Amino acid sequence: MYGLLLLDLLEYTMSVEEIFEQYLGSKIYRDREKLLPDYVPGELPHRDEQIRQLAVTLAPALSGSRPSNVFIYGLTGTGKTAVTKYVLRKLMEKGNGRIEYVYVNCRQNNTSYRVLAELGKFLGIKIPFTGLALGEVMKRIIHGLERKSRILIVVLDEVDNLVKRNGDDVLYFLTRINEQLSNAKVSVIGITNDLKFTEFLDARVKSSLGEEELVFPPYNAVQLEDILRQRAKEAFNEGAISDIVIKKVAAIAARQNGDCRLALDILLKAADIAERERASQVTEAHVEKARNEIEKNLTVDTIKTMPLHVKMVLAAVYLLSRDGSTKTITTGLVYDKYKELAAKIGIEPVTSRRITDILNELDMSGIINARVISLGRYGRTKVIEIGVPLKNVEEGLSSDILLKAAIEEA
Ligand SMILES: Nc1ncnc2c1ncn2[C@@H]1O[C@H](COP(=O)(O)OP(=O)(O)O)[C@@H](O)[C@H]1O
Ligand SMILES: [Mg+2]
């Protein structure tokens with residue numbers, strides 16, 4: 001996603017030395033790393049309540065008792081991961097080696113086996129990349145824990161990815177494990193962005209994981225401004241960023257469910273653009289460019305991962321919009337165009353009923369906008385338009401070789 005930007009025209013005219021020099025004597029950055037997603041800042045404004053609650057829940061570990069399991073939920077970018085790591089680090093500092101924690105991201109490790117293998121690795125147990133039965137891995141983990149005789153806090157971040165794929169066996173195992181331990185104790189912190197995730201859980205797992213629950217509400221624009229100001233202070237040189245820019249970035253992210261990750265992403269990208277243009281300040285125009293770039297990447301990535309027939313329906317809408325000969329694009333027109341495409345590519349078309357469903361899905365994703373209009377005595381139909389820049393849709397569809405050819409020929 002970054003690659004395209006780096007091929008900026010400007011850089012074609014610069015020598016390697018010049019490119020490197022630019023970063024050495026940065027006008028913009030004091031410390032760029034302070035904006036990266038994995039950096040946990042020393043302060044987390046507007047999360048005092050969550051930090052306090054998590055601290056209160058985990059504190060019993062300091063006197064040797066097992067803290068309650070915690071279930072944390074909230075939308076993306078509401079600070080769940082950052083707060084958890086922040087509190088756990090402080091707890092480690094006070095724990096004098098009697099408490100440990102292991103962090104597993106279940107999006108990267110999205111099978112039961114891989115999650116357990118990560119735990120094993122942490123405990124210093126050899127677990128082959130594949131091959132052992134889960135039960136055997138579990139047995140070895142119990143041994144490993146007993147040998148350590150510590151309180152171990154297991155953080156399963158984005159745990160919904162694991163459960164949707166492999167069910168809740170690992171959660172069941174970990175929330176029951178204390179019955180089999182005499183020297184060690186285990187607590188689980190489960191984190192999810194998916195608010196409806198608990199529907200996938202067995203009632204027993206649900207109640208043991210949810211001994212404590214912590215909700216992270218979305219940030220509003222003013223809160224995001226405070227957060228960005230504080231991160232900007234660490235990352236930027238004096239005068240490299242203005243409050244107007246901070247406010248603009250915060251406002252954009254506030255409209256996207258208060259996603260702080262998006263806010264920081266835009267800020268970083270805007271500052272990178274400013275840096276490359278050798279500007280001494282990040283401006284609103286840089287923010288605009290960064291935002292377009294990020295939105296484009298989102299659209300393109302979303303389209304790339306769509307199933308073929310969804311892509312084909314989108315391609316049909318795209319072709320009808322691009323050609324511009326039809327003012328109102330109706331479901332019927334889309335279906336005809338779709339069948340034409342299917343014939344061209346040599347693929348069996350799906351039913352018009354399914355096309356209606358696909359159009360609804362595309363509408364939900366925001367890539368198209370559909371509204372129902374009345375045709376008087378002819379009933380009702382859907383009128384459809386593309387909801388994002390056409391060239392972004394084209395780029396996304398073109399990643400599919402079949403569709404690329406079909407679009408170019410059409
Ligand atoms: N209150 C805050 N103060 C400073 N940075 C924050 C705050 N909340 C979130 N962030 C930052 O925003 C990004 C997203 O937060 P993260 O904890 O990863 O969100 P989540 O896990 O809820 O999706 C991270 O870079 C994080 O450091
Ligand atoms: Mg997270």
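Order of appearance sets the numbers: ligands from 1, and atoms from 1 within every ligand. Residues: numbered from 1 along the sequence shown. Remember, predicted model here, so these are calculated numbers, not experimental data. Just so you know, these numbers use all the heavy atoms, side chains as well, and skip hydrogens, waters and symmetry mates.
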* N, O or S atom of Thr81 closer to the Mg ion (ligand 2) than 2.8 Å -> yes
* Asked: At under 4.0 Å between heavy atoms, which part of Ala263 makes contact with ligand 1: side chain, backbone, both or neither?
  -> neither
* Asked: Is the closest N or O pair between Arg47 and ligand 1 shorter than 3.5 Å?
  -> no
* Who gets closest to atom 1 (N) of ligand 1 by heavy atom: Gly79, Pro45, Gly42? -> Pro45
* Asked: Looking at Tyr39, which atoms of ligand 1 are within less than 4.0 Å of one of its heavy atoms?
  -> 27 (O)
* With a 4.5 Å limit on heavy-atom distance, are the side chains of Lys247 and Leu228 in contact? -> no
* Asked: Quick one: does NZ or CZ of Arg89 land under 6.0 Å from the six-membered ring centre of Tyr101, within 45 degrees of the ring axis?
  -> no
* **Distance from atom 17 (O) of ligand 1 to nearest protein heavy atom, with residue and atom** => Ala82 N, 2.8 Å
* Element-labelled atoms of ligand 1 that are located less than 4.0 Å from some non-hydrogen atom of Leu264 -> 11 (C), 12 (O), 13 (C), 25 (O)
* Asked: With a cut-off of 4.0 Å, which atoms of ligand 1 are near a heavy atom of Pro37?
  -> 24 (C), 25 (O)
* Asked: So which heavy atom in the protein is nearest atom 5 (N) of ligand 1, and how far is it from that ligand atom?
  -> Arg231 NH1, 3.1 Å
* Within the distance-only criterion (no hydrogens, no angle test), does the side chain of Asn161 pair as donor or acceptor with the backbone N or O of Glu158 below 3.5 angstrom? -> yes
* To do: Answer yes or no: are there more than 12 heavy-atom neighbours, outside Lys164 itself, under 6.0 Å from its atom NZ?
  => yes
* Asked: Taking everything shown except Ile244 itself, do over 12 heavy atoms lie less than 6.0 Å from its CD1?
  -> no
* To do: Would you mind listing which atoms of ligand 1 come within a distance below 4.0 Å of any non-hydrogen atom of Thr76?
  => 23 (O)
* Asked: Looking at atom 7 (C) of ligand 1, what's its closest protein heavy atom, distance included?
  -> Tyr219 OH, 3.4 Å
* **Contact (N/O only, under 3.5 Å) between Ile227 and ligand 1** => no
* From the options Thr330, Asn360, Thr328, select the one residue that forms a side chain to side chain contact (heavy atoms under 4.5 Å, CB included) with Lys382. => Asn360
* Asked: Can Asp243 and Arg229 be said to form a side chain to side chain contact (heavy atoms under 4.5 Å, CB included), step by step?
  -> CA-CA 8 Å; Asp243 214 47; Arg229 267 187 214 110; 2.8 Å; yes
* Asked: Do Ile189 and Leu58 touch side chain to side chain, with heavy atoms closer than 4.5 Å?
  -> yes
* Do Ser321 and Glu385 have side-chain atoms, one donor and one acceptor, less than 3.5 Å apart? -> no
* Do any nitrogen or oxygen atoms of His46 come within less than 3.5 Å of a nitrogen or oxygen of ligand 1? -> no
* **ligand 1 atoms in contact with Cys260 (distance to a heavy atom under 4.0 Å)** => 6 (C), 9 (C), 10 (N), 11 (C), 12 (O)
* Are Thr81 and Tyr103 close enough that some pair of their side-chain heavy atoms sits under 4.5 Å apart? -> yes
* Structure fact -> If you scan protein heavy atoms around atom 21 (O) of ligand 1, the nearest is Thr81 OG1, 2.7 Å
* Please write down residue, atom name and distance for the protein heavy atom closest to atom 18 (O) of ligand 1. => Arg261 NH2, 2.9 Å
* For atom 23 (O) of ligand 1, grab the closest protein heavy atom and report residue, atom and distance to one decimal in Å. => Gly77 N, 2.7 Å
* **Distance-only N or O hit between ligand 1 and Thr78, under 3.5 Å** => yes
* Asked: Does Glu136 come within less than 4.0 Å of Arg140, counting only side-chain N to carboxylate O?
  -> yes
* Structure fact -> Residue, atom and distance of the protein heavy atom nearest atom 22 (O) of ligand 1 read Lys80 NZ, 2.7 Å
* **Axial cation check for Phe71 ring with Lys206, 6.0 Å and 45° limits** => no
